[in-house]
Amino acid sequence: MLGAAGLLQGYARRRTVGDGPSCAIRRDADQDAGCVDRNRVTGGGVTAGIDFALTLVSLLVDRQTAEAIQLRLEYNPAPPFNAGSPDTAPPKSSRS
């Protein structure tokens, strides 16, 4: 939505697979959590909603509060396969 509204012009942003390179400006957390560029924060992927929210809490409040929220949610994703990124997906998966 931000991109469609023209609000990401000149900003790095978190992109999804097949949408070009990911954010390389600043990574305060895991690269899937989001991309922070000046006053814009973007996220992508299935678990991005929770990751994005935790990243925002860490930026707006502090890391300890974000970690407390993560614990309260018992958010500890453990995917059954290591194919969640073009860097780790087997070649057959990335052609699908």
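Taken from CG in D51 to CG in L56, the straight-line distance is 11.0 Å, to the nearest 0.5 Å. Note that CG of N39 is 4.0 Å distant from OH of Y11, once rounded to the nearest 0.5 Å. S58 contributes atom OG, which lies 9.0 Å from atom CD of E67 (distance to the nearest 0.5 angstrom). Rounding to the nearest 0.5 Å gives a distance of 13.0 Å between OG1 of T65 and CD of Q70. With rounding to the nearest 0.5 angstrom, the CG atom of D37 is 9.5 Å from the CG atom of L8.
With R40 contributing its side chain and L7 its backbone, the two residues share a donor-acceptor pair below 3.5 Å.
Within the 4.5 Å cutoff, no side-chain heavy atoms of I69 are placed close to those of Y75.
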